[in-house]
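Below is one structure; the comments refer to it alone.
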Amino acid sequence: MENETGKKLSKQHWQGGNMLYPVPAVMVSCRREGEKPNIITVAWAGTVCSAPPMVSVSVRKERYSYNILKETKEFVINLVTKDLAFATDYCGVKSGRDTDKFSQMRLTPQPSRHIQAPGIAESPLNLECKVTQVIPLGSHDLFLAEVLGVTVDEQYIDKNGKFRLNDAGLVAYSHGEYFKLGEKLGKFGFSVARKKKNSNRKAR
């Protein structure tokens, strides 16, 4: 097969599988009343609606945090930076059944304003989420949740009040590996911005 420039393209066909990469690597914090807070690392998380602001996380039933999420119906999504990559991996391979992940990784529980579950103070951004629906899918259940509040790290707010999240060095997960986001390729709408500019020149 060739593309329009004549370049030969060689492809293979595989069985269906979860190969939608990269995805955000996030730490999800939760807590059952009277117990220590726990952290579960999730790669299957995403935005699903803007009004109201809603997100989703998919969790296996065998995971220790699954029942906490289902019983409390709340959690905090904590974005991950390069400095948090080690803790993120640790919280993904260790179980909260026998490990205090906050203590072991020297992370600070951050009180939330809208829910009981704490966030992670070292994260540049925390999303306080209230579960609205749990959808059984198979190996995972999908937790749909409304974002009730957002906490941001002031060090990424510039003198004009703009939150520069992309300066935090966020981490993505792709095919079993973690990557720090790097080179900026453009911003939303850049593919048509130049065309509009040129068309305005011609109109003059």
Side-chain angles (χ1 to χ4, degrees), residues 23-50 52-59 63-132 134 143-159 161-173 178 180-181:
V23 292
V26 300
M27 288 191 284
V28 173
S29 48
C30 54
R31 179 172 58 195
R32 204 186 265 120
E33 188 175 357
E35 297 181 0
K36 291 181 178 180
N38 188 49
I39 303 169
I40 178 174
T41 297
V42 173
W44 292 355
T47 298
V48 295
C49 188
S50 57
M54 295 188 69
V55 294
S56 70
V57 295
S58 291
V59 182
R63 299 293 294 269
Y64 174 70
S65 295
Y66 173 87
N67 285 327
I68 300 177
L69 297 176
K70 197 162 186 181
E71 291 171 19
T72 64
K73 292 183 168 54
E74 60 180 35
F75 57 86
V76 180
I77 292 179
N78 306 275
L79 298 193
V80 171
T81 64
K82 176 183 177 182
D83 291 340
L84 290 171
F86 183 88
T88 301
D89 185 68
Y90 181 91
C91 291
V93 297
K94 290 289 185 176
S95 173
R97 290 185 178 90
D98 47 35
T99 304
D100 183 342
K101 300 179 189 179
F102 270 97
S103 176
Q104 288 297 314
M105 290 292 99
R106 297 183 178 180
L107 297 173
T108 309
Q110 171 183 286
S112 297
R113 288 194 173 187
H114 302 277
I115 60 177
Q116 295 301 310
I120 299 173
E122 288 76 11
S123 169
L125 187 144
N126 320 92
L127 305 173
E128 298 178 21
C129 305
K130 191 70 177 179
V131 175
T132 60
V134 182
F143 290 81
L144 283 174
E146 182 175 354
V147 180
L148 301 182
V150 180
T151 303
V152 302
D153 192 329
E154 290 183 344
Q155 70 172 304
Y156 300 111
I157 300 178
D158 67 19
K159 61 181 180 180
K162 181 177 180 180
F163 182 47
R164 297 192 171 275
L165 178 60
N166 293 327
D167 293 342
L170 298 175
V171 170
Y173 180 81
Y178 302 96
K180 176 185 173 183
L181 299 185

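Since the structure is predicted, the reported quantities are computational estimates derived from the model, not experimental observations.
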For this session: With sequence neighbours left out, write down each residue that passes side chain to side chain contact (heavy atoms under 4.5 Å, CB included) with A85, or none if nothing qualifies.
Result: none

Exercise. Counting only N and O atoms by type, is there a donor-acceptor contact under 3.5 Å from the side chain of E128 to the main-chain atoms of H114?
Worked result: yes

Problem set entry | From Q116 atom CD to T72 atom OG1, the distance as rounded to the nearest 0.5 Å | 10.0 Å

For this session: State, with a plain yes or no, whether a side-chain heavy atom of L69 is found less than 4.5 Å away from one of V134.
Result: no

Exercise. Is K101 close to N38 at the side-chain level, that is, under 4.5 Å between some pair of heavy atoms?
Worked result: yes

For this session: Would you sort out whether S65 and V28 count as a side-chain contact (heavy atoms from CB on, under 4.5 Å), showing the intermediate values?
Result: CA-CA 9 Å; S65 295; V28 173; over 6 Å; no

Table please: side-chain donor-acceptor pairs of residues 119-126 below 3.5 Å, with sequence neighbours left out.
unit_1, atom_1, unit_2, atom_2, d
E122, OE1, T108, N, 3.0
E122, OE2, T108, N, 3.4
E122, OE2, T108, OG1, 2.7
S123, OG, L79, N, 3.1
S123, OG, L79, O, 2.7
S123, OG, L125, N, 3.3
S123, OG, L125, O, 2.9
N126, OD1, Q110, NE2, 3.1
N126, ND2, N78, OD1, 2.8
N126, ND2, I120, O, 3.0

Exercise. Tell me the salt bridge (Lys or Arg N to Asp or Glu O under 4.0 Å) pairs involving residues 27-40, sequence neighbours left out?
Worked result: R32-E35, R32-E71, K36-D100

Seminar exercise, completed: CG of L165 to CG of L170, rounded to nearest 0.5 Å, is 4.5 Å

Listed pairs under 3.5 Å, donor-acceptor, residues 145-156 side chains, sequence neighbours left out:
unit_1, atom_1, unit_2, atom_2, d
D153, OD1, Q155, N, 3.0
D153, OD2, Q155, NE2, 3.0

Problem set entry | Spatial distance of atom OG1 (T99) from atom CD1 (I39) [nearest 0.5 Å] | 11.5 Å

Problem set entry | For K162, all residues meeting side chain to side chain contact (heavy atoms under 4.5 Å, CB included), sequence neighbours excluded | D158, R164

Exercise. Which pair of non-hydrogen atoms, one from P118 and one from P37, has the smallest distance, and what is that distance?
Worked result: CG-CB, 3.6 Å

Problem set entry | With sequence neighbours excluded, residues passing side chain to side chain donor-acceptor pair (under 3.5 Å) with T88 | none

For this session: Could you tell me whether the side chain of T81 and the main chain of G169 form a donor-acceptor pair under 3.5 Å?
Result: no

Exercise. Which heavy atom in S112 sits nearest to a heavy atom in V76, and how many Å separate them?
Worked result: OG-CG2, 3.7 Å

Exercise. Which distance, rounded to the nearest 0.5 Å, do you find between the CD1 of I77 and the OG of S29?
Worked result: 9.5 Å

Exercise. Which atoms form the tightest heavy-atom contact between T41 and G92, and what is the distance?
Worked result: OG1-N, 3.2 Å

Seminar exercise, completed: Taken to the nearest 0.5 Å, the spacing of M54 CE from C129 SG works out to 9.5 Å

Problem set entry | Sequence neighbours excluded - ring pair (Phe, Tyr, Trp, His ring centres under 6.0 Å) pairs with any residue from residues 66-112 | Y66-F143

For this session: With sequence neighbours excluded, give me every salt bridge (Lys or Arg N to Asp or Glu O under 4.0 Å) pair touching residues 74-99.
Result: E74-K130

Problem set entry | Over all atoms of both residues, closest heavy-atom pair of V55 and V48 | N-CG2, 3.9 Å

